[in-house]
Asker: 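Take this structure, written in structure tokens, and hold onto it; I'll ask about it next.
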Amino acid sequence: QVQLVESGGGLVQAGGSLRLSCAASGRIYSINAMGWYRQAPGKQRELVARISRSGSTNYAYSVKGRFIISRDDAKKTMYLQMSSLTPEDTAVYYCNADVTTISTMRHLEVWGQGTLVTVSS
């Protein structure tokens, strides 16, 4: 089985910065893509940023220029460096990965449990 564990969430003041981490573990043959999603109360879960196996990135327009997604292949960890945070960034942030498992050699989509980011005004 594959597990994703997010960390780094917390309370931060508007204008501040925060870095989220997502560590992958388990019987992983390869990580094909990873992404960060977020969900605020009463809203749909939305894609924040994603990074491909090659390192190509995509960002939601609302976070472009403020957030940076990165990945450390050796640590099997993805990061989201968030800066210039606003109260609209308040949400539960979820890690998502498309992995190929060792046991099946097939793609599997995995979600983390989420980490709460609260930005105060």
Asker: Could you walk me through whether Asn32 and Ser30 satisfy the side chain to side chain donor-acceptor pair (under 3.5 Å) test, starting with their C-alpha distance in whole Å, then the side-chain angles of each, then the deciding distance to 0.1 Å, before giving a yes or no?
Answerer: CA-CA 6 Å; Asn32 306 307; Ser30 65; 3.2 Å; yes

Asker: Are Ile68 and Val119 connected in a single hydrophobic cluster, I mean Ile/Leu/Val/Met/Phe/Trp/Tyr linked by side-chain heavy atoms less than 4.5 Å apart?
Answerer: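 Both belong to a single hydrophobic cluster.
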
Asker: Taking the side chain as every heavy atom from C-beta outward, state whether Leu11 and Ser120 have any pair of such atoms under 4.5 Å apart.
Answerer: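 Yes - at least one pair of side-chain heavy atoms lies under 4.5 Å apart.
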
Asker: Indicate the atoms forming the closest heavy-atom contact of Thr104 with Thr101, along with that distance.
Answerer: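 That closest heavy-atom pairing would be OG1-OG1, 2.6 Å.
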
Asker: Side chains of Val110 and Asn96: does their closest heavy-atom pair fall under 4.5 Å?
Answerer: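 A side-chain contact under 4.5 Å is absent here.
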
Asker: Provide the closest heavy-atom pair for Val63 versus Val48 in the form atom of the first, atom of the second, distance.
Answerer: CG2-O, 3.6 Å

Asker: Applying disulfide (SG to SG under 2.5 Å) as the test, list every pair that has at least one member in residues 28-82; sequence neighbours left out.
Answerer: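 Qualifying pairs: none.
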
Asker: Could you list who else is in Met105's hydrophobic cluster, with ILVMFWY side chains joined at under 4.5 Å, directly or through other members?
Answerer: Tyr29, Ile102

Asker: Sorted by first residue and then second, give each disulfide (SG to SG under 2.5 Å) pair with at least one member in residues 86-121; sequence neighbours left out.
Answerer: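 Matches after skipping sequence neighbours: Cys22-Cys95.
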
Asker: Of all residues at least two apart in sequence or in a different chain, which pass the side-chain hydrogen bond (donor to acceptor under 3.5 Å, both in side chains) check with Gln113?
Answerer: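 Scan of Gln113 (side-chain hydrogen bond (donor to acceptor under 3.5 Å, both in side chains), adjacent residues dropped) gives Glu6.
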
Asker: Using the test salt bridge (charged side-chain N to carboxylate O under 4.0 Å, His left out), find all partners of Glu109 that sit at least two apart in sequence or belong to another chain.
Answerer: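 None.
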
Asker: I need the full list of ring-ring contact (aromatic ring centres under 6.0 Å, His included) pairs touching residues 90-117, with sequence neighbours left out, sorted by first then second residue.
Answerer: Tyr37-Trp111

Asker: Provide the closest heavy-atom pair for Gln39 versus Lys43 in the form atom of the first, atom of the second, distance.
Answerer: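 The pair with the smallest heavy-atom distance is NE2-O, 3.2 Å.
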
Asker: Under 3.5 Å, which donor-acceptor pairs do the side chains of residues 75-84 form with other protein atoms, sequence neighbours left out?
Answerer:
{"residue": "Thr77", "atom": "OG1", "partner": "Lys75", "partner atom": "O", "Å": "2.9"}
{"residue": "Ser83", "atom": "OG", "partner": "Arg66", "partner atom": "O", "Å": "2.7"}

Asker: What disulfide (SG to SG under 2.5 Å) pairs are there with at least one residue in residues 37-73, not counting sequence neighbours?
Answerer: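 Those involving residues 37-73 do not exist here.
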
Asker: Considering only residues two or more places apart or on different chains, which pairs with a residue in residues 46-80 satisfy disulfide (SG to SG under 2.5 Å)?
Answerer: none

Asker: Mind checking the OG1-CG spacing from Thr90 to Leu85? Nearest 0.5 Å is all I need.
Answerer: 8.5 Å

Asker: With sequence neighbours excluded, tell me which residues meet salt bridge (charged side-chain N to carboxylate O under 4.0 Å, His left out) with Asp98.
Answerer: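 Testing Asp98 for salt bridge (charged side-chain N to carboxylate O under 4.0 Å, His left out), a comparison that skips the adjacent residues, returns none.
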
Asker: Partners of Ser17 by side-chain hydrogen bond (donor to acceptor under 3.5 Å, both in side chains), sequence neighbours excluded?
Answerer: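 With neighbours one apart ignored, the set is empty.
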
Asker: Measuring from Arg50:CZ to Met34:CE, what's the distance to the nearest 0.5 Å?
Answerer: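 Here the rounded value is 14.5 Å.
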
Asker: Would you mind listing every ring-ring contact (aromatic ring centres under 6.0 Å, His included) that reaches into residues 44-70, with sequence neighbours excluded?
Answerer: none

